[in-house]
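For reference, the structure is listed below as structure tokens.
Every value quoted in this text rests on a predicted model; they were computed, and no experiment measured them. In what follows, chains carry the letters A, B, and so on, assigned in the order in which the sequence lines appear, proteins first and then strands, with residues in each chain numbered from 1. When reading the values below, keep in mind they use all heavy atoms of this one structure, side chains included, and skip hydrogens, waters and symmetry mates.
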Protein chains: 2
Amino acid sequence: MLAAAVRLFNERGYDATSMFDIAESLGITKSSVYHHISGKEQLLQMAMDRALDGLFEAADEVRALDVPAPERLERLVRRSVLVLAERFEYVTVLLRVRGNTEAEQHALSRRRDFDTIVTDLVKQAQAEGGVRPDIDPATVARLILGMVNSLTEWYRPRTGGAEAIADALTRIAFEGLRTE
Amino acid sequence: MLAAAVRLFNERGYDATSMFDIAESLGITKSSVYHHISGKEQLLQMAMDRALDGLFEAADEVRALDVPAPERLERLVRRSVLVLAERFEYVTVLLRVRGNTEAEQHALSRRRDFDTIVTDLVKQAQAEGGVRPDIDPATVARLILGMVNSLTEWYRPRTGGAEAIADALTRIAFEGLRTE
DNA sequence: ATATTTACCGACCGAACGGCCGGTAATCAA
DNA sequence: TTGATTACCGGCCGTTCGGTCGGTAAATAT
């Protein structure tokens with residue numbers, strides 16, 4: 001049911017999706033939906049949590065690695081792409097939330113925490129050397145995460161396709177487009 | 001009035017913004033708003049057009065340049081950042097529409113046209129040399145534009161700040177983060 | 001066989017929304 | 001000064017929405 005709701009949220013937007021739509025897509029009535037959940041916002045909350053939990057798990061795994069900071073950064077970027085691909089619809093919901101309710105604001109706050117983790121990693125990588133130090137680390141983190149998050153706009157999950165995208169993205173981010 | 005509406009659209013989302021909200025922010029009543037415009041959707045239409053017109057103007061200007069394709073690509077990326085900064089709130093509205101109405105679908109279609117322009121430019125740049133040919137041009141275009149468009153999520157317009165962001169972005173995109 | 005829990009439904013409610021209409025006051029052209 | 005145009009308003013309408021409630025039928029436990 002969460003999956004059905006999230007699919008509709010992404011098709012038409014959260015506000016534009018009615019509880020009737022969700023019920024209809026499950027072949028039951030609106031009243032029956034309320035037998036299983038407490039309200040529309042709970043569905044949103046569960047979806048956002050599923051996405052955020054994946055991202056923080058990735059951050060925890062990478063933090064534990066005993067490799068130089070630039071490589072930890074690259075690993076985290078790559079893992080973020082894979083999480084986004086695995087939990088595609090949940091991450092898409094998360095990235096569209098604007099903070100209209102308390103639950104949404106809490107999700108935004110957790111997103112900012114993740115941004116901070118990446119920013120700190122960029123900072124370390126610049127200090128250790130291996131990542132260009134001439135751009136503000138917060139800007140680097142936002143631009144790279146922006147590129148990752150933009151996948152929700154056009155990437156469509158297929159088995160195995162995520163690694164190819166992760167390769168392309170990390171190549172652009174770390175090596176750049178320019179040859180010679 | 002368009003400016004006031006667009007500001008609210010971005011604060012709370014298009015659906016979550018009522019005509020009463022727009023009227024209130026202007027110090028007039030809802031009825032008075034309808035004296036000036038035909039409906040809510042017209043406001044959205046005008047905002048999206050303002051953003052798209054800016055992007056296509058940039059594309060036209062760059063197309064007329066007599067420089068190698070890789071440099072035209074870099075110029076277009078940079079100009080896109082500047083358009084996004086100039087028409088920030090309008091572009092933000094544009095990038096959030098999901099195609100729920102006919103007008104939104106038309107805007108999405110124009111966005112795809114712009115994507116195609118960038119993709120073709122990447123293709124030329126790869127053929128001429130100077131841009132790495134080992135990544136699918138459509139993927140390159142989407143990732144770079146994704147990085148540009150992600151600015152709507154955190155960049156806040158200040159006079160002069162756009163060039164610094166454009167520099168950082170094009171440096172990452174063309175030279176990459178890695179040193180040595 | 002009976003009691004209890006689970007899944008479901010139809011009917012309804014109050015609120016909010018986009019939009020419309022008839023009318024009034026200010027502005028402006030002649 | 002008069003006539004027309006423009007800007008504005010209060011009040012209303014039909015619809016849709018999230019959510020509730022009382023009740024039924026099936027599943028499950030004892």
Discussion item. Quick check on side-chain contact (heavy atoms from CB on, under 4.5 Å): which of A/Val6, A/Leu2, A/Thr17 does A/Ile22 satisfy it with?
Written reply: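 Considering A/Val6, A/Leu2, A/Thr17, a side-chain contact (heavy atoms from CB on, under 4.5 Å) with A/Ile22 is found only for A/Thr17.
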
Discussion item. So if I take residues 9-30 of chain A and measure heavy-atom distances to DNA chain C, which residues fall below 4.0 Å?
Written reply: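 Within residues 9-30 of chain A, the residues near DNA chain C are A/Ile28, A/Thr29.
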
Does the side chain of [X] reach to within under 4.5 Å of the side chain of [Y], using non-hydrogen atoms?
| X | Y | answer |
| --- | --- | --- |
| A/Ser80 | A/Val77 | no |
| B/Arg87 | B/Leu55 | no |
| A/Arg110 | A/Met48 | no |
| A/Val131 | A/Val140 | no |
| B/Lys30 | B/Val33 | no |
| B/Ile144 | A/Leu177 | yes |
| A/Trp154 | B/Thr139 | yes |

Worksheet item: Distance only, no hydrogens: is a donor on one side chain within 3.5 Å (strictly under) of an acceptor on the other, for A/Ser18 and A/Asp21?
Response: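 On atom types as modelled, these side chains qualify, holding a pair under 3.5 Å.
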
Worksheet entry | Lys/Arg N to Asp/Glu carboxylate O, B/Arg75 vs B/Glu71, below 4.0 Å |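 Yes.
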
Worksheet entry | chain A footprint on DNA chain C, 5' to 3' - any atom under 4.0 Å from a heavy atom |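 First and last nucleotides in contact are C/dT6 to C/dA11.
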
Worksheet entry | For DNA chain D, the residues among residues 35-51 of chain A that have a non-hydrogen atom under 4.0 Å from it |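 Of all residues in residues 35-51 of chain A, the ones placing a heavy atom under 4.0 Å from DNA chain D are A/Gly39, A/Lys40.
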
